[in-house]
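As structure tokens, the structure follows; a few thoughts come after it.
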Amino acid sequence: MQPRVLHPSRRPAHRRGVALIEALIGFLIFAIGVLGLVGLQASMTKAQVGAKVRADAALLANEVLGLMWADSPANHPNYVGAACDAHPPCVDWQRKLKAVLPKGAGSVAYNAAARDEVVVTITWSIPEEGEHRYEMLSSVTR
């Protein structure tokens with residue numbers, strides 16, 4: 001007796017459409033993988049932006065300390081509060097801070113009695129992350 005061969009048009013009803021279901025399942029698995037990669041890319045971009053902004057804040061804090069080191073000790077109080085608005089190096093630093101950091105603001109606290117101690121505070125705000133703060137303590141004695 002010869003084995004019975006089914007022609008494509010004579011397949012049993014329960015076998016029809018199996019290839020289509022397998023293709024749909026394969027497509028679903030592929031789509032889930034692509035969505036996972038898109039989510040990973042988004043979180044990596046968010047982390048990269050956060051790291052860059054933190055590095056920029058540290059650089060700007062070091063910059064104002066460098067300005068104070070280069071400036072005369074008699075001008076150090078000009079970096080504090082409202083006096084900064086009249087001191088050109090401090091005005092330039094504030095302008096740069098606002099241009100580089102999202103919603104950036106900075107302040108300097110100077111204490112001549114405590115060995116010329118300086119505290120630089122920089123704040124910025126990234127949408128959906130809230131406000132961030134970077135603080136640096138240093139001394140500008142010569």
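Not measured: the values here are computed from a predicted model.
Taking a cutoff of 4.0 Å between a charged side-chain nitrogen and a carboxylate oxygen, Lys96 and Asp92 do not qualify as a salt bridge. Between Glu131 and Arg133 there is no salt bridge, since none of the side-chain N atoms of the basic residue sits less than 4.0 Å from a carboxylate O of the acidic one.
The OG atom of Ser139 lies 6.0 Å from the CG atom of Asp116; values are rounded to the nearest 0.5 Å. The line from CG of Leu59 to NZ of Lys52 is 9.5 Å long, rounded to the nearest 0.5 Å. Atoms CG and CG, from Leu35 and Leu40 in turn, are 12.5 Å apart once rounded to the nearest 0.5 Å. Remark: Lys103 NZ to Thr123 OG1 distance equals 11.5 Å, nearest 0.5 Å.
Between Val91 and Asp85, the shortest heavy-atom contact is CG2-O, 3.4 Å. Here the closest non-hydrogen pair linking Gly104 and Lys98 is O-CG, 3.5 Å. Minimum interatomic distance between Ala57 and Leu101 (heavy atoms only, all atoms of both residues): N-CD2, 4.1 Å.
Of the candidates Ile126, Asp56, Val49, Pro102 forms a side-chain contact (heavy atoms from CB on, under 4.5 Å) with just one, namely Ile126.
For residues 80-101, the pairs satisfying ring pair (Phe, Tyr, Trp, His ring centres under 6.0 Å) are Tyr79-His87, with sequence neighbours left out.
In this structure, the ring-ring contact (aromatic ring centres under 6.0 Å, His included) partners of Tyr110, at least two apart in sequence or on a different chain, are His76.
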Show your working on side chain to side chain contact (heavy atoms under 4.5 Å, CB included) between Ser125 and His132 and close with a plain yes or no. CA-CA 6 Å; Ser125 179; His132 297 272; over 6 Å; no
Pair Val119, Glu135 - check side chain to side chain contact (heavy atoms under 4.5 Å, CB included), show working. CA-CA 7 Å; Val119 177; Glu135 215 170 73; 3.8 Å; yes
Before giving the answer on side chain to side chain contact (heavy atoms under 4.5 Å, CB included), spell out for Met68 and Val108 the whole-Å C-alpha distance, their side-chain angles and the decisive distance to 0.1 Å. CA-CA 10 Å; Met68 291 179 79; Val108 176; 4.1 Å; yes
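Members clustered with Ile25: Ile21, Ile29, by chain and number, using a 4.5 Å side-chain heavy-atom cutoff among hydrophobic residues.
Hydrophobic clustering (ILVMFWY, side-chain heavy atoms < 4.5 Å, transitive): Leu137 and Ile122 are in distinct clusters.
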